[in-house]
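Report on the following structure.
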Amino acid sequence: MKNAYPIIMSKGNKYIVVNIPDFDIGTQGKSYADAIEMARDAIGIVGIELEDRGQTLPVPTDINAIKKECAEDVVTLVDVDFAEYRRQNETKTVRRNVTLPSWLDFEAEKSGVNVSALLQKALKQELHITDR
C-alpha cells in the first residue's frame, strides 16, 4: 500500500530536524533531501513493524491540518510504498517445510535442482512479483 504522509522540517544548527506527526516519530538529515529520505525510511520501518503486529497503518493527516511551530518550518508530503519498502529492506530468510512426493524429491536431487530457488521463482511468478 502506498501513502503520502505529512512531515514538518525545521532547520537546526547542524541538521534538518523532521517531525512525522502521524507516526509520532522524528528523524533528521544533513540536508532537506537527506531529511526527506530519512523520513521515508523511518515511516517505512515503523509501518512494516505495525503491519507485522497486525495493526493498522495510520491514515495520513491532511497536509492543510498540519501546523508549523516556526514560520521557517517546511511542511511537505513523503510518499511510502510499504510493500516495496518491505521488498527492498527486509532480506531475512525464513525456513518453510515443504512436502513433496519422495519420487519427485529424488528426481530433483538427481538432477541438481535447487528446490528452494525453484519454489521462490514459482511463488514470484504466481504472485506477479518481479525481482528487485
Side-chain angles (χ1 to χ4, degrees):
M1 177 194 317
K2 189 172 188 175
N3 281 325
Y5 290 94
I7 64 169
I8 305 162
M9 295 186 289
S10 306
K11 194 163 178 83
N13 292 333
K14 191 172 179 182
Y15 297 102
I16 306 299
V17 178
V18 182
N19 178 24
I20 307 165
D22 290 328
F23 287 85
D24 196 26
I25 58 174
T27 188
Q28 62 187 22
K30 294 177 182 176
S31 65
Y32 284 104
D34 186 46
I36 290 169
E37 192 58 36
M38 296 301 285
R40 183 174 288 113
D41 195 42
I43 294 167
I45 289 169
V46 173
I48 64 172
E49 179 67 28
L50 290 172
E51 288 178 337
D52 289 348
R53 288 191 213 143
Q55 297 175 320
T56 305
L57 292 170
V59 175
T61 300
D62 185 309
I63 194 168
N64 297 315
I66 301 297
K67 305 292 184 227
K68 298 180 184 184
E69 288 188 24
C70 299
E72 297 82 27
D73 288 352
V74 175
V75 177
T76 190
L77 294 171
V78 172
D79 65 323
V80 179
D81 183 334
F82 292 98
E84 182 61 24
Y85 185 87
R86 185 180 295 275
R87 278 194 292 278
Q88 293 293 326
N89 294 287
E90 195 173 86
T91 58
K92 70 179 179 181
T93 58
V94 295
R95 190 174 240 338
R96 295 291 301 250
N97 185 11
V98 178
T99 304
L100 301 172
S102 62
W103 66 266
L104 187 58
D105 183 55
F106 174 80
E107 292 296 331
E109 193 169 314
K110 185 172 81 173
S111 297
V113 172
N114 181 332
V115 175
S116 179
L118 183 62
L119 178 58
Q120 288 179 51
K121 182 178 178 183
L123 282 170
K124 287 176 183 176
Q125 182 178 353
E126 179 70 19
L127 298 171
H128 308 290
I129 297 171
T130 58
D131 279 332
R132 296 180 226 173

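All figures in this text were calculated on a predicted structure; none of them were measured in a lab. Computed from heavy atoms alone, side chains included, the values below leave out hydrogens, waters and symmetry copies.
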If I take atom CD1 from residue Ile43 and atom CD1 from residue Ile20, how far apart are they, to the nearest 0.5 angstrom? 4.5 Å
Could you see if Ile48 belongs to whatever hydrophobic cluster contains Ile45? Use Ile, Leu, Val, Met, Phe, Trp, Tyr and a side-chain cutoff under 4.5 Å. yes
Side chains of Thr76 and Ile7: closer than 4.5 Å at any heavy-atom pair? yes
Under the ring-ring contact (aromatic ring centres under 6.0 Å, His included) rule, what pairs show up with a residue in residues 18-53, not counting sequence neighbours? Tyr5-Phe23
Connected-component partners of Leu118 among ILVMFWY, side-chain separation under 4.5 Å: Val113
May I have the step-by-step check of side-chain contact (heavy atoms from CB on, under 4.5 Å) for Ile16 and Lys11, ending in yes or no? CA-CA 5 Å; Ile16 306 299; Lys11 194 163 178 83; 4.0 Å; yes
List for me each residue that meets salt bridge (Lys or Arg N to Asp or Glu O under 4.0 Å) alongside Lys67, sequence neighbours excluded, and say none if there are none. none
Listed by chain and number, what are the salt bridge (Lys or Arg N to Asp or Glu O under 4.0 Å) partners of Asp105, not counting sequence neighbours? none
Cut-off 3.5 Å, no hydrogens considered: what does the side-chain donor-acceptor table look like for residues 54-62, sequence neighbours left out?
from, atom 1, to, atom 2, distance (Å)
Thr61, OG1, Asp22, OD1, 2.3
Asp62, OD1, Asn64, N, 2.7
Asp62, OD1, Asn64, ND2, 3.3

What is the distance from atom OH of Tyr15 to atom OG of Ser31, rounded to the nearest 0.5 Å? 11.5 Å
On a heavy-atom basis, the closest approach of Ile66 and Pro21 is CD1-CG, 4.0 Å
For Leu119, the other hydrophobic cluster members (4.5 Å side-chain criterion, sorted by chain and number) are Val98, Leu100, Trp103, Leu104, Val115, Leu123
Decide whether Ile63 and Ile36 are clustered together by the hydrophobic rule: side chain heavy atoms of Ile, Leu, Val, Met, Phe, Trp, Tyr closer than 4.5 Å, transitively. no
So, for Ala39 and Val78, which heavy atoms are closest and what is the spacing to 0.1 Å? CB-CG2, 4.3 Å
For a 4.5 angstrom cut-off between non-hydrogen side-chain atoms, does Arg87 reach Ile129? yes
Once you round to the nearest 0.5 Å, how far does NZ of Lys121 lie from OG of Ser116? 13.5 Å
Taking all non-hydrogen atoms of both residues into account, name the closest pair between Gln28 and Met38 and its distance. O-CG, 3.3 Å
According to a hydrophobic-cluster definition based on side-chain heavy atoms being under 4.5 Å apart (Ile, Leu, Val, Met, Phe, Trp, Tyr only), do Val18 and Val74 belong together? yes
Answer with yes or no whether the hydrophobic clustering places Ile8 together with Val17; edges join I, L, V, M, F, W, Y residues whose side-chain heavy atoms lie under 4.5 Å apart. no
List for me each residue that meets side-chain hydrogen bond (donor to acceptor under 3.5 Å, both in side chains) alongside Asp24, sequence neighbours excluded, and say none if there are none. none
By side-chain hydrogen bond (donor to acceptor under 3.5 Å, both in side chains), which residues pair with Ser10, not counting sequence neighbours? Asp73
If you look only at pairs with a residue in residues 32-47, which of them pass as a salt bridge (Lys or Arg N to Asp or Glu O under 4.0 Å), with sequence neighbours excluded? Glu37-Arg40, Arg40-Asp79
For Asp81, the side-chain hydrogen bond (donor to acceptor under 3.5 Å, both in side chains) test, sequence neighbours excluded, returns none
Listed partners of Lys14 passing salt bridge (Lys or Arg N to Asp or Glu O under 4.0 Å), at least two apart: none
Run the numbers on Phe82 and Lys2 for side-chain contact (heavy atoms from CB on, under 4.5 Å), then give the verdict. CA-CA 6 Å; Phe82 292 98; Lys2 189 172 188 175; over 6 Å; no
Can you list everything that forms a salt bridge (Lys or Arg N to Asp or Glu O under 4.0 Å) with Glu49? Sequence neighbours excluded, please. Arg53
Give a yes or no on this: more than 12 heavy atoms of other residues, nucleotides or ligands lie within 6.0 Å of atom NZ of Lys68. yes
